[in-house]
Amino acid sequence: MKKYYITTPIYYVNSEPHIGSAYTTIIGDIIARYKRLIGYDVFYLTGTDEHGQKILQAAREKGKDPQELCDELSEKFKKLWEDLNITNDYFIRTTDPKHMETVQLFVSKMLENGDIYKGIYKGWYCVPCETYWNEDEINITEDGEHVCPSCGRPLNFVEEENYFFRLSKYTQPLLEHFKNNPDFVEPEFRRNEMLKILEGGLKDLSITRTTFNWGIPMPNDPKHVIYVWVDALINYISAIGYGRDEQTFNKWWPADVHLIGKEINRFHSIIWPAMLMSVGLPLPKKIFAHGWLTVNGQKISKSLGNAIDPREFVKKYGNDVIRYYLTRDIVFGKDGDFSEENLVQRLNSDLANDYGNLLHRTVAMVVKNFDSIIPEPQESLEIDNILIEKFEKLLKKYYEYMDSYKLTNALEEIWAYIGEINKYFDENKPWILAKEGNKKRLASVLYNTLEAILRVATLLMPFMPDSSNEVYKRLSQNINPEEVFEKKWNVLKPKEKVIHGRPLFNKIDLKNFEKIATRKEEQKVQNKSVEENVALISFDDFKKIDLRVAEILEAEKIKKSEKLIKLIINLGELGKRQIVAGIAKYYEPEKLIGKKIVVVANLKPAKLMGVESQGMLLAAKINDKLTLLTVDDDIEPGAKIS
RNA sequence: GGCGGCGUAGCUCAGUGGCUAGAGCAACUGAUUCAUAAUCAGUGAGUCAUGGGUUCGAGUCCCAUCGCCGCCA
């Protein structure tokens, strides 16, 4: 039996799981289920990454022991995967003693091979990103603070004795490997990015830390803990028994694919292969880096706290719908937006109308005309053969797309076929056959339609296991799905009873449905002050805002509006402007005239109640109190504020 | 700053230099009534971001500009 080993990244447990990690894991699950369906022996691995300074810090902030925090969070991940019906074969945790021993074994081998040496690391370190930065990479703020080029937060200067991995040594071998294996990293543009890095030459990598101890001790020098990424990457082999169970290990390794997010591509496509080369193990066959999801147009960000619990979506729409939407609407590999409206759109038109209704209408006719018993097919006509041939074509494309991870395309093809089945049904007009009493032909038409539906449900099993199983149940088919792949047609067992249950998928009225995300956004408004402290912007971002002192020349209330006041302001060198401000509840227009206020001078103009506003004034507000920002001493209008 | 990608119908996107630029969804029209107002058929005068250029011919190649994004520094 052919084997297939697929992995997700192991998720860092410094925060709760969100839709992004769910996305990777769902995709992995679909691929794993597909391979099992077509007869592979599959090992699907996921887990949690639990070491490193960030976790130590998160634990301290919560007043918890780090292990306790890891236990809690990894449990949440496990639970979520259960809720999402993920069929992982193992869940690895990097704090598992077996994993820790394996890491030490692996690193010992690297030591023996002379790929690790001791050196001094001096430089800047970003704790949240767990990353060291070179002097020429970091940003310096106006007041001389060194900040992380990636996240904008302050850096710590560290000088420590570290062990280094001779990554530089593997530049050439990796280049060779990339050249000889054009499909090693996908999509292609990600591969090219990595290739560029390799062509620039690799630097040795610091792989131990001494400033904290939440990690795996270096085997020869326990003062040092092993860098969390080295620790984490080894999970892919420790989970399958490297160094402990050679037989199992040899069965699964090398991995067929590491599914990852684009942000960790360098670790998987360069560092991990180099580590494997160092100890003489074969490399994974493929690294597939998918894109990022935004949710309703917003970036998912752990630090912003707008991460959405995938469970809420599942509770509302069901597992299958989420799985379908994620694979159908978001092209695998590219960035995409998780839009709840689009999801409902897909649910209504693809799932409920095209697919669910097809089963429903066919079963209804079996109930009425054949007393709920699936009839036996009779003599077949040309039109029947076309339906059969089209399925054969579909199956070919299905294999092709599924094997190259083009899941979106596979679904597209399946839906094109669902369209064909609906068409077949319409063209044969079974309701007329029933009226005419042509039971023979009616039997064939209904049988063929059900057979086609059964086949579609089978191809959809990896994507939507629940509804596919439901189709099998409704048609009382106790058959092995493999028959669908092996036999040409007539897999459906006649004389079985159909169950005319509720529609497979329920539609949702697009015009008035309550979005989950909206509810979350409301919460966000309440937490706004907290978030504003967290959401750091760079100095460059700040510089984009042109703040100016302005003198109010005229002020009048806008008719029909309770809140708005129209102001004519003097901006000195920038001339006069008209702005609209929502301050009528707090200020009488006449009292505003002459005041020196602060405005954003380069805001895009906007119309409020039909009146153009060419800027925005600044005011402080809390609860029901509002006060305008003014300047402490007299200064000319137009003065820049920085 | 360097390298790369993207910008195509209301929406999501396809489109090896060459007949009148496509698909799905939405919309509209017709058919139909077995079905969850469903399905089937038909309907697109889109500056293919902008401006140049190469070519007999460019969404497709080249250059520049604008906007968005990625990787690296």
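Below, chains carry the letters A, B, ... as their sequence lines are ordered, and counting in each starts from 1.
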Practice task
Identify whether any heavy atom of A:K507 sits under 4.0 Å from a base atom; if not, whether one sits that close to sugar-phosphate; answer base, sugar-phosphate or nothing.
Solution key: base
Practice task
Report yes if at least one side-chain N or O of A:K429 is closer than 4.0 Å to OP1 or OP2 of B:rU32; otherwise report no.
Solution key: no
Exercise for the section: Pick base, sugar-phosphate or nothing for A:P430, based on heavy-atom distances below 4.0 Å to the nucleic acid. Expected result: nothing
Completion exercise
Numerically ordered, the residues 395-409 of chain A set in heavy-atom contact under 4.0 Å with RNA chain B is none
Handout entry: Check: A:H268/A:Y236 side-chain N/O donor and acceptor closer than 3.5 Å
Key = yes
Completion exercise
The nucleotide from B:rC34, B:rU36, B:rC71 with an atom nearest the side chain of A:E193 is B:rC71
Exercise for the section: Identify which nucleotide among B:rU39, B:rG70, B:rU36 has an atom closest to any side-chain atom of A:D426, counting heavy atoms from C-beta outward. Expected result: B:rU39
Exercise for the section: Examine B:rC72: is either OP1 or OP2 under 4.0 Å from a nitrogen or oxygen in the side chain of A:R266? Give yes or no. Expected result: yes
Exercise for the section: Tell me, please, whether A:F391 has A:R455 positioned over its six-membered ring: NZ or CZ under 6.0 Å from the ring centre and within 45 degrees of its axis? Expected result: yes
Practice task
Indicate yes or no: at least one non-hydrogen side-chain atom of A:K390 is less than 4.5 angstrom from one of A:K393.
Solution key: no
Problem - Side-chain N,O (A:N192) to OP1/OP2 (B:rC3) below 4.0 Å - result: no
Practice task
Check every strand shown and say whether A:N342 touches a base, only sugar-phosphate, or nothing at a heavy-atom separation below 4.0 Å.
Solution key: nothing
Problem - Ring-ring centroid check A:Y324 A:W415, cutoff 6.0 Å - result: yes
Exercise for the section: Give one of base, sugar-phosphate or nothing for A:G419, where a contact means two heavy atoms less than 4.0 Å apart. Expected result: sugar-phosphate
Problem - Check: A:I374 and A:K493 side chains under 4.5 Å, non-hydrogen atoms - result: no
Handout entry: 4.5 Å side-chain heavy-atom contact, A:L504 and A:L351
Key = no
Handout entry: Proximal nucleotide (of B:rU39, B:rU36, B:rC34) relative to the A:H360 side chain
Key = B:rU36
Practice task
Please report, rounded to the nearest Å, how far the P atom of B:rC71 is from the CD1 atom of A:I270.
Solution key: 13 Å
Practice task
Please work out if A:L504 contacts a base, only the sugar-phosphate, or nothing of the nucleic acid, heavy-atom cut-off 4.0 Å.
Solution key: base
Practice task
Tell me what A:R190 touches on the nucleic acid: a base, only sugar-phosphate, or nothing, going by heavy atoms under 4.0 Å.
Solution key: sugar-phosphate
Exercise for the section: Flag the pair A:F463 / A:L407 as yes when at least one side-chain heavy-atom distance between them is below 4.5 Å, and no otherwise. Expected result: yes
Problem - Cation-aromatic face contact A:K439/A:F370, 6.0 Å, 45 degrees - result: yes
Completion exercise
With the side chain defined as heavy atoms from C-beta on, A:F425 is closest, among B:rU39, B:rC25, B:rC34, to B:rC34
Problem - Pairing stems for RNA chain B [at least three consecutive pairs; Watson-Crick or G-U; under 3.5 angstrom] - result: B:1-7 with B:66-72, B:10-13 with B:22-25, B:27-31 with B:39-43, B:49-53 with B:61-65
Handout entry: Integer angstrom distance from the C1' of B:rG44 to that of B:rC25
Key = 14 Å
Practice task
State, with a plain yes or no, whether a side-chain heavy atom of A:L459 is found less than 4.5 Å away from one of A:Y417.
Solution key: no
